[in-house]
Amino acid sequence: MKALENIAVRAARKAGDYLLQSTEKLGQFKAESKGANDYVSTVDRKAESIIINTIARNYPDHAILAEESGSHGEHEYQWVIDPLDGTTNFLHGIPHYAVSIAVRHKGRTQVGVIFDPVRNELFTATRGSGAQLNNQRLRVSRAQSLRDTILSTGFPFRNKRRMPEYQRIFNALFEDCSDMRRAGSAALDLAWVAAGRVDGFWEFDLSDWDTAAGALMVSEAGGMVGDLSGNPGFDKADSILAANPKLYKVILQKIR
Ligand code: 2AM
Ligand code: CA
């Protein structure tokens with residue numbers, strides 16, 4: 001597994017460094033209508049091909065599931081890739097986005113890597129070996145109730161019909177927690193739960209590549225990941241909830 005993690009780290013760093021360099025040119029395109037949008041799509045695809053080429057040089061047979069190019073190949077090992085998580089932030093020049101790479105064996109995530117190039121923070125996890133930030137061991141927060149907690153969330157901005165359902169949960173949790181954050185990168189939200197910077201994270205309608213690496217990160221840091229109905233074998237497409245095991249239960253009770 002260490003060999004797989006090393007390749008995932010190499011790919012994530014290369015792509016992240018490329019993203020960071022690319023922000024410098026963003027201003028030039030902002031003046032044109034759709035200019036910045038098209039530029040970011042190009043950057044996104046290029047970052048993805050940097051990652052896929054790095055993997056293919058080492059593991060040419062492995063299967064890939066990537067946000068931009070979709071699913072290709074069939075193999076016991078599958079790499080799940082989000083080359084730019086936090087696209088909206090990136091587009092607007094907000095320095096909060098990441099590269100997320102997971103490696104699955106027979107459907108089970110074994111390695112997760114999330115790289116934040118802006119802060120040069122590398123989050124890594126290998127199943128059974130814990131989670132690290134720049135090689136320092138991570139642990140989820142110890143909060144036993146919502147009191148004094150900060151919860152991170154994402155708005156259902158692509159599916160605004162879910163706003164009433166979202167607001168009901170938001171209101172219930174906001175009553176008891178200290179405050180909420182909406183930073184705009186689900187991969188970093190999960191990495192920050194693993195790091196204990198935020199006590200929990202919840203969002204609707206995410207994709208596999210947003211959460212694959214982060215979910216392993218949280219569980220290897222002692223946390224729990226499931227959905228807002230309490231399913232641990234969760235359907236990420238519906239919702240995700242991550243927190244320490246006790247707080248996870250407290251949140252479910254509060255929103256029920
Ligand atoms: P992205 O930047 O790669 O698009 C923000 O709320 C989070 O939701 C980001 O992690 C963003 O990933 C993700 N996201 C946005 N739209 C999405 C969609 N239609 N499906 C899945 N994830 C989405
Ligand atoms: Ca994403």
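Considering every non-hydrogen atom in both Val140 and Val193, the closest pair reads CG1-O, 3.5 Å. The minimum heavy-atom distance linking Ala102 with Ala213 is given by the pair CB-N, 3.7 Å. Considering all non-hydrogen atoms of both residues, Arg108 and Arg127 come closest at NH2-NH1, 3.5 Å. Considering every non-hydrogen atom in both Asn244 and Ala143, the closest pair reads ND2-O, 2.8 Å. Heavy-atom minimum distance, Ala242 versus Val225: CB-CG2, 4.2 Å. For Leu190 against Ala215, the heavy-atom pair with the smallest separation is CD1-N, 4.0 Å.
One side chain, Ser152 or Asp189, offers a donor N or O that lies under 3.5 Å from an acceptor on the other. Glu48 and Ser69 form a side-chain donor-acceptor contact under 3.5 Å, judged by distance and modelled atom types alone. In summary, the side chains of Ser100 and Asp85 do not present any donor paired with an acceptor at a separation below 3.5 Å, with no hydrogens or angles considered. Judged by distance alone, the side chains of Thr153 and Glu203 never bring a donor and an acceptor atom under 3.5 Å apart.
Between the CG atom of Leu252 and the CG atom of Leu241 there is a distance of 5.5 Å, given to the nearest 0.5 Å. Thr88 OG1 to Tyr97 OH: the interatomic distance, rounded to the nearest 0.5 Å, is 13.5 Å. Put simply, CD on Gln253 and CG on Leu146 are 10.5 Å apart, with the number rounded to the nearest 0.5 Å. If you take CD1 on Ile101 and CH2 on Trp79, they are separated by 7.0 Å, rounding to the nearest 0.5 Å. Put simply, CD1 on Ile169 and CZ on Arg256 are 11.5 Å apart, with the number rounded to the nearest 0.5 Å. Atom-to-atom distance recorded for Asn89:CG and His96:NE2 is 6.5 Å, nearest 0.5 angstrom.
Ile251 and Met224 fall within a single hydrophobic cluster, where Ile, Leu, Val, Met, Phe, Trp and Tyr side chains are chained together by heavy-atom contacts under 4.5 Å. Tracing side-chain contacts under 4.5 Å through hydrophobic residues (I, L, V, M, F, W, Y), one never reaches Phe115 starting from Leu188; they form parts of separate clusters. Residue Ile94 is not grouped with residue Phe157 when hydrophobic side chains (ILVMFWY) are merged at heavy-atom distances under 4.5 angstrom, including chains of intermediate members. Placement of Val40 and Ile50 within a single hydrophobic cluster is found when ILVMFWY residues are connected by side-chain heavy-atom separations under 4.5 Å, directly or transitively. One hydrophobic cluster holds both Val113 and Leu84 under the rule that ILVMFWY side chains link at heavy-atom gaps under 4.5 Å.
The existence of a salt bridge linking Glu175 and Lys254 is confirmed by a sub-4.0 Å separation between a basic side-chain nitrogen and an acidic carboxylate oxygen. Of the charged side-chain nitrogens involved, none lies within less than 4.0 Å of a carboxylate oxygen, so that Asp205 and Arg158 do not count as a salt-bridged pair. One finds a salt bridge joining Arg197 and Glu121 here, because a Lys/Arg side-chain nitrogen approaches an Asp/Glu carboxylate oxygen to under 4.0 Å. The pair Asp44-Lys46 does not count as a salt bridge, with every side-chain nitrogen at least 4.0 angstrom from each carboxylate oxygen. A salt bridge is defined here as a Lys NZ or Arg NE, NH1 or NH2 lying under 4.0 Å from an Asp or Glu carboxylate O, and Asp199 with Arg147 fails to meet this definition.
With hydrogens and angles ignored, the 3.5 Å screen pairs a side-chain donor or acceptor of Glu220 with a backbone N or O of Gly130. In this structure, the side chain of Ser41 engages the main chain of Asn37 through a donor-acceptor pair within 3.5 Å.
The neighbour count for Arg119 CZ, taken as heavy atoms of other residues, nucleotides or ligands under 6.0 Å away, is above 12. With a 6.0 Å radius and a threshold of 12 heavy atoms from other residues, nucleotides or ligands, Asn171 has its CG atom above the threshold.
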### Task
Apply ring pair (Phe, Tyr, Trp, His ring centres under 6.0 Å) to Tyr166 and Trp202, showing your working.
CA-CA 10 Å; Tyr166 179 86; Trp202 60 288; 4.6 Å; yes

### Task
Begin from the C-alpha positions of Arg168 and Glu165 and carry the test salt bridge (charged side-chain N to carboxylate O under 4.0 Å, His left out) through to its verdict.
CA-CA 5 Å; Arg168 189 189 69 73; Glu165 187 190 350; over 6 Å; no

### Task
Before giving the answer on side-chain contact (heavy atoms from CB on, under 4.5 Å), spell out for Met180 and Phe170 the whole-Å C-alpha distance, their side-chain angles and the decisive distance to 0.1 Å.
CA-CA 9 Å; Met180 295 273 189; Phe170 184 98; 3.7 Å; yes

### Task
Any chance you could lay out the side-chain hydrogen bond (donor to acceptor under 3.5 Å, both in side chains) test for His105 and Gln110, step after step, and finish with the verdict?
CA-CA 7 Å; His105 183 244; Gln110 297 294 336; 5.2 Å; no

### Task
I would like to know whether Leu19 and Val43 meet side-chain contact (heavy atoms from CB on, under 4.5 Å); could you show each step before the answer?
CA-CA 7 Å; Leu19 293 177; Val43 169; 3.6 Å; yes

### Task
Could you go through the side-chain contact (heavy atoms from CB on, under 4.5 Å) check for Leu151 and Thr149 one step at a time?
CA-CA 6 Å; Leu151 302 180; Thr149 59; 4.3 Å; yes

### Task
Decide yes or no on side-chain contact (heavy atoms from CB on, under 4.5 Å) for Val99 and Ile51, but give the supporting numbers first.
CA-CA 10 Å; Val99 180; Ile51 296 165; 3.7 Å; yes

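Using a 4.5 Å heavy-atom threshold, the side chains of Asp238 and Arg162 count as touching. Glu67 has its side chain out of reach of Ile81: every pair of non-hydrogen atoms, C-beta onward, lies at least 4.5 Å apart. Side-chain contact check for Tyr39 versus Leu91: every heavy-atom pair is 4.5 Å or farther apart. Looking only at side-chain heavy atoms (C-beta outward), Val80 and Arg104 come within less than 4.5 Å of each other.
Partners of Lys2 by salt bridge (charged side-chain N to carboxylate O under 4.0 Å, His left out), not counting sequence neighbours, listed by chain and number: Glu5.
Pairs passing the side-chain hydrogen bond (donor to acceptor under 3.5 Å, both in side chains) check and including a residue from residues 9-27, sequence neighbours excluded, read Arg13-Asn120.
In this structure, Arg182 satisfies the cation-pi test against Phe155, with its NZ or CZ atom closer than 6.0 Å to the six-membered ring centre and inside 45 degrees of the ring normal.
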